[in-house]
Amino acid sequence: MNFAAQLLSTIGAILMIVAIQLPKKDKLLIFYGLGGFCFGISFILLKGYPGGIICVILAMQTFISYIYEKKSEIVPKYVMYLTLSVALIAGIYSYQNIYSILPLACSILHTAIMMQKDMRILRILRFIILICWIFYEVIIGAYAAIISDSLGLISTVIAIYRFDILKRSKNNETKRK
């Protein structure tokens with residue numbers, strides 16, 4: 001079961017790394033949702049129930065966001081708050097120790113990502129989420145997830161550099177000319 005958990009974490013990480021490098025939100029959401037689902041099942045297999053349950057709920061939230069994104073519509077705030085409430089209730093119900101708060105924090109930030117149109121802010125929030133998940137993964141022994149989220153963190157930093165810093169720098173140079 002541990003091998004399956006580590007394998008699912010690796011698959012989830014690959015999906016997340018690909019997701020953050022995509023310039024359009026609709027495609028990002030597909031990979032992000034699938035990756036979150038893989039991590040959720042992985043954490044459950046490792047008995048990290050708070051993180052696992054919240055990951056699965058957040059994957060569903062991501063797929064709901066994808067449906068609205070494809071229609072070029074904004075997800076109604078009540079839908080996002082409803083899924084956030086479900087995640088918070090699940091997190092409270094599955095509370096194991098003080099570290100169980102980390103997945104709850106991630107669920108709040110994930111909801112902010114799903115409501116975000118600005119890809120720059122999305123990437124910054126993703127950076128913060130990855131830091132929280134890495135701490136949680138160390139606690140529950142999700143070794144493949146630690147490695148893969150570390151790679152995801154590097155990928156997010158690269159995406160921030162490519163899409164936000166370089167792009168802003170090029171735009172400033174163009175305005176000066």
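- If you chain together hydrophobic residues whose side chains sit under 4.5 Å apart, Ile129 and Phe127 fall into the same group.
- Below 30°, between 30° and 60°, or above 60°: for Phe43 and Phe39 the angle between ring planes is between 30° and 60°, a tilted geometry.
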Practice problem: Report the C-alpha separation of Trp133 and Leu102 in whole Å, then their side-chain angles, then the decisive distance to 0.1 Å, and conclude whether the side chain to side chain contact (heavy atoms under 4.5 Å, CB included) test is met. | Solution: CA-CA 7 Å; Trp133 277 122; Leu102 290 170; over 6 Å; no

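- When the side chain to side chain donor-acceptor pair (under 3.5 Å) test is applied to Ser100, no partner is found at least two apart in sequence or on another chain.
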Show me, pair by pair, the donor-acceptor contacts under 3.5 angstrom made by side chains of residues 138-150, not counting sequence neighbours?
from, atom 1, to, atom 2, distance (Å)
Ser148, OG, Ala144, O, 2.7
Ser148, OG, Ala145, O, 3.2
Ser150, OG, Ile146, O, 2.7

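- Taking CD from Gln21 and CZ from Arg162, the interatomic distance works out to 5.0 Å, rounded to the nearest 0.5 Å.
- Ser9 meets the side chain to side chain donor-acceptor pair (under 3.5 Å) test with Ser42; sequence neighbours excluded.
- Using a 4.5 Å cut-off on side-chain heavy atoms (C-beta onward), Tyr68 and Ile74 make no contact.
- Residues Leu28 and Val157 share a single hydrophobic cluster, defined by chaining ILVMFWY side chains whose heavy atoms lie under 4.5 Å apart.
- Atom OH of Tyr95 is surrounded by more than 12 heavy atoms from other residues, nucleotides or ligands within 6.0 Å.
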Which donor-acceptor pairs under 3.5 Å do side chains of residues 53-62 form with protein atoms, sequence neighbours excluded?
from, atom 1, to, atom 2, distance (Å)
Gln61, OE1, His110, ND1, 2.7
Gln61, NE2, Thr83, OG1, 2.6
Gln61, NE2, Thr111, OG1, 3.1
Thr62, OG1, Leu58, O, 2.8
Thr62, OG1, His110, NE2, 2.9

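- Taking hydrophobic clusters as Ile, Leu, Val, Met, Phe, Trp and Tyr residues chained together by side-chain heavy-atom distances below 4.5 Å, Leu84 does not share a cluster with Leu122.
- The local environment of CZ in Phe63 is crowded, with over 12 non-hydrogen atoms from other residues, nucleotides or ligands closer than 6.0 Å.
- Within 6.0 Å of CZ on Phe163 lie more than 12 heavy atoms contributed by other residues, nucleotides or ligands.
- Within a 6.0 Å sphere centred on CD1 of Ile131, heavy atoms belonging to other residues, nucleotides or ligands number more than 12.
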Quiz prompt | Candidate pair Ile108 and Leu104, rule side chain to side chain contact (heavy atoms under 4.5 Å, CB included), full reasoning | solution = CA-CA 7 Å; Ile108 294 166; Leu104 289 174; 5.7 Å; no

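- For the side-chain contact (heavy atoms from CB on, under 4.5 Å) test, residues two or more places apart in sequence or in another chain that qualify with Lys70 are Asp26, Tyr66.
- Residues Ile89 and Tyr81 are members of separate hydrophobic clusters, defined by side-chain heavy-atom contacts under 4.5 angstrom among Ile, Leu, Val, Met, Phe, Trp and Tyr.
- The side-chain contact (heavy atoms from CB on, under 4.5 Å) test applied to Leu125 returns Leu109, Ala112, Ile113, Ile121, not counting sequence neighbours.
- Closest heavy-atom contact between Lys47 and Gln96: O-NE2, 3.3 Å.
- Taking 4.5 Å as the limit, some side-chain heavy atom of Tyr136 sits within range of a side-chain heavy atom of Pro50.
- Nearest heavy atoms, Met80 versus Ser65: CE-OG, 3.7 Å.
- A distance-only check finds no donor-acceptor pair linking the side chain of Ser155 to the backbone of Leu151 [under 3.5 Å].
- Within the 4.5 Å cutoff, the side chain of Tyr32 has heavy atoms near those of the Met16 side chain.
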Exercise. Test Asn2 against Leu45 for side chain to side chain contact (heavy atoms under 4.5 Å, CB included), laying out the working first.
Key: CA-CA 7 Å; Asn2 195 8; Leu45 291 173; over 6 Å; no

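- In the hydrophobic clustering of this structure, Ile17 does not group with Ile128; members are Ile, Leu, Val, Met, Phe, Trp, Tyr whose side-chain heavy atoms approach within less than 4.5 Å, directly or through other members.
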